Engineer: 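One structure is given below, represented as structure tokens, and several questions about it will come after.
Here the structure is a predicted model, which is why all the values come from computation and not from measurement. We count ligands from 1, going down the list as the structure has it; atoms in each ligand are counted the same way.
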Amino acid sequence: MAKPQILVTRAVFAEVLDRLGEYFQVQSNQADEVWSKAELIARLQGKVGAFTTGSERIDAQVLAACPMLQICANMAVGFNNFDLDAMTDLGVLGTNAPDVLTQTTADFGFALLLAAARRVTESEHYLRAGQWRRWRYDMFAGAEVHGSTLGILGMGRIGQAVARRGAKGFDMQVVYHNRSRLAPDIEAHCGARYVSKEELLRSADHLVLVLPYSQQSHHAIGVAELAMMKTTATLVNIARGGIVDDLALADALHHGRLAAAGLDVFEGEPTVNPALLALKNVVLTPHIASATIPTRMAMAMLAADNLIGFLLRGQPVTPLNVQVLESAQHAERKG
Ligand code: DGY
């Protein structure tokens with residue numbers, strides 16, 4: 001019997017393609033071409049599964065145009081590239097890649113926090129530009145990290161991992177705000193105290209954003225929220241672009257209403273607001289918080305395992321809308 005066909009939408013590790021090739025006829029994009037929506041739809045014809053990354057928008061138009069598609073497996077924990085309601089309505093399973101990137105992403109949150117608060121990239125640019133002539137007592141003096149107050153907005157797995165690093169490694173007082181409060185034993189394990197969003201903004205010396213993007217979290221940090229923060233504070237975003245109003249942030253950084261920021265994600269990325277690019281007190285990285293080879297391999301293998309588990313055995317590993325499996329629309333797609 002012919003193997004089922006799947007599409008891998010972006011370049012990925014050869015090991016992952018080899019694994020998928022054991023079970024499927026795989027069409028891949030190792031040249032990492034940029035596809036328009038029409039090209040994506042054309043390539044999805046006849047495919048029962050798609051290995052996607054956060055770059056591909058999977059919406060009602062794509063799903064309606066690809067009647068054989070049963071599953072989209074994202075190689076990312078975030079899944080705001082999926083219109084999950086449309087997927088559920090149209091009978092397509094979505095899966096993501098949680099857990100395997102938690103520690104690596106939390107490490108990077110701290111890298112950005114330290115780099116921004118202690119002015120690492122700003123001072124490095126100064127040195128490389130040949131401007132360093134002699135030592136001075138206040139040269140590139142930054143903010144204290146150890147012993148300060150770490151605020152975390154969004155206390156899922158990554159938020160908790162950031163909290164543990166702050167509390168245990170840097171002796172920080174950790175406060176957090178989340179849609180729901182954590183159980184007392186988890187709070188104790190993270191060394192974190194639940195506060196209102198306003199108290200979080202007002203008390204944090206360093207605020208790390210780790211919440212998922214949704215309509216509700218769009219511009220969760222805007223003009224009003226920035227105005228509540230300490231002028232000496234650092235803001236770190238390792239979550240998603242759009243959670244921060246980038247223009248409002250640039251304005252606050254430019255006018256000294258906020259000391260520094262470390263940003264891995266941007267509104268409209270890979271385009272970055274020119275107002276941010278013009279600033280020295282912001283560290284900018286190209287969405288690499290989970291980028292170590294072992295972690296990216298684990299994320300890709302988990303996406304592959306979702307495709308294999310679901311298409312061969314009906315058992316996805318990390319489904320997002322498992323209820324879809326019982327639907328008439330899904331049954332129709334299976335034919
Ligand atoms: C994720 O997994 O959501 C990361 O942002 C990588 O895309």
Engineer: For Arg240, is at least one N or O under 3.5 Å away from an N or O on ligand 1?
Structural biologist: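 Yes, at least one N or O pair falls under 3.5 Å.
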Engineer: List every atom of ligand 1 that sits less than 4.0 Å from any heavy atom of Gly78, numbering the atoms from 1 in the order shown and giving each element.
Structural biologist: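 Listed by number with element: 1 (C), 2 (O), 3 (O).
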Engineer: Any donor-acceptor pair under 3.5 Å linking the side-chain atoms of Tyr176 with those of Glu187?
Structural biologist: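 Yes, because at least one side-chain N or O of Glu187 sits under 3.5 Å from a partner of the opposite role on Tyr176.
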Engineer: With heavy-atom distances below 4.0 Å as the criterion, list the atoms of ligand 1 near Met299.
Structural biologist: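 Going through ligand 1 atom by atom, the ones under 4.0 Å from Met299 are 2 (O).
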Engineer: Among Thr271, Leu284, Val244, Asn237, which one satisfies side chain to side chain contact (heavy atoms under 4.5 Å, CB included) with Phe266?
Structural biologist: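 Of all the options given, the one that passes is Leu284.
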Engineer: Of the side chain and backbone of Leu101, name the one, both, or neither that has a heavy atom under 4.0 Å from an atom of ligand 1.
Structural biologist: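 Side chain only; the backbone of Leu101 stays clear of ligand 1.
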Engineer: Please identify which of these residues, Val322, Asn74, Asn306, Leu302, meets the side chain to side chain contact (heavy atoms under 4.5 Å, CB included) condition with Thr95.
Structural biologist: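 So the option named by the test is Asn306.
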Engineer: Is any side-chain N of the basic residue among Glu124 and Arg128 closer than 4.0 Å to the acidic one's carboxylate O?
Structural biologist: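 Looking at Glu124 and Arg128, the cut-off is met.
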Engineer: Which bit of Met75 gets closer than 4.0 Å to ligand 1, counting heavy atoms only: side chain, backbone, both or neither?
Structural biologist: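 For Met75, there is no contact with ligand 1 at all, from either part.
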Engineer: Which ligand 1 atoms does His287 reach within 4.0 Å, using its non-hydrogen atoms?
Structural biologist: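 In order of numbering, the contacting atoms are 4 (C), 5 (O), 6 (C), 7 (O).
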Engineer: Nearest protein heavy-atom contact for atom 2 (O) of ligand 1: which residue, which atom, what distance?
Structural biologist: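 Looking only at protein heavy atoms, the one closest to atom 2 (O) of ligand 1 is Val77 N, 2.7 Å.
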Engineer: Please verify the inter-ring angle class for Tyr213 with His218; under 30° counts as parallel, over 60° as perpendicular, anything in between as tilted.
Structural biologist: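 Rings of Tyr213 and His218: perpendicular, over 60°.
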Engineer: I'd like to know if the side chain of Tyr126 and the backbone of Phe140 have a donor-acceptor N/O pair within less than 3.5 Å.
Structural biologist: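 Absent.
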Engineer: Short list, please: which atoms of ligand 1 are under 4.0 Å from a heavy atom of Ala76?
Structural biologist: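 Those qualifying, in numeric order: 1 (C), 2 (O), 3 (O), 7 (O).
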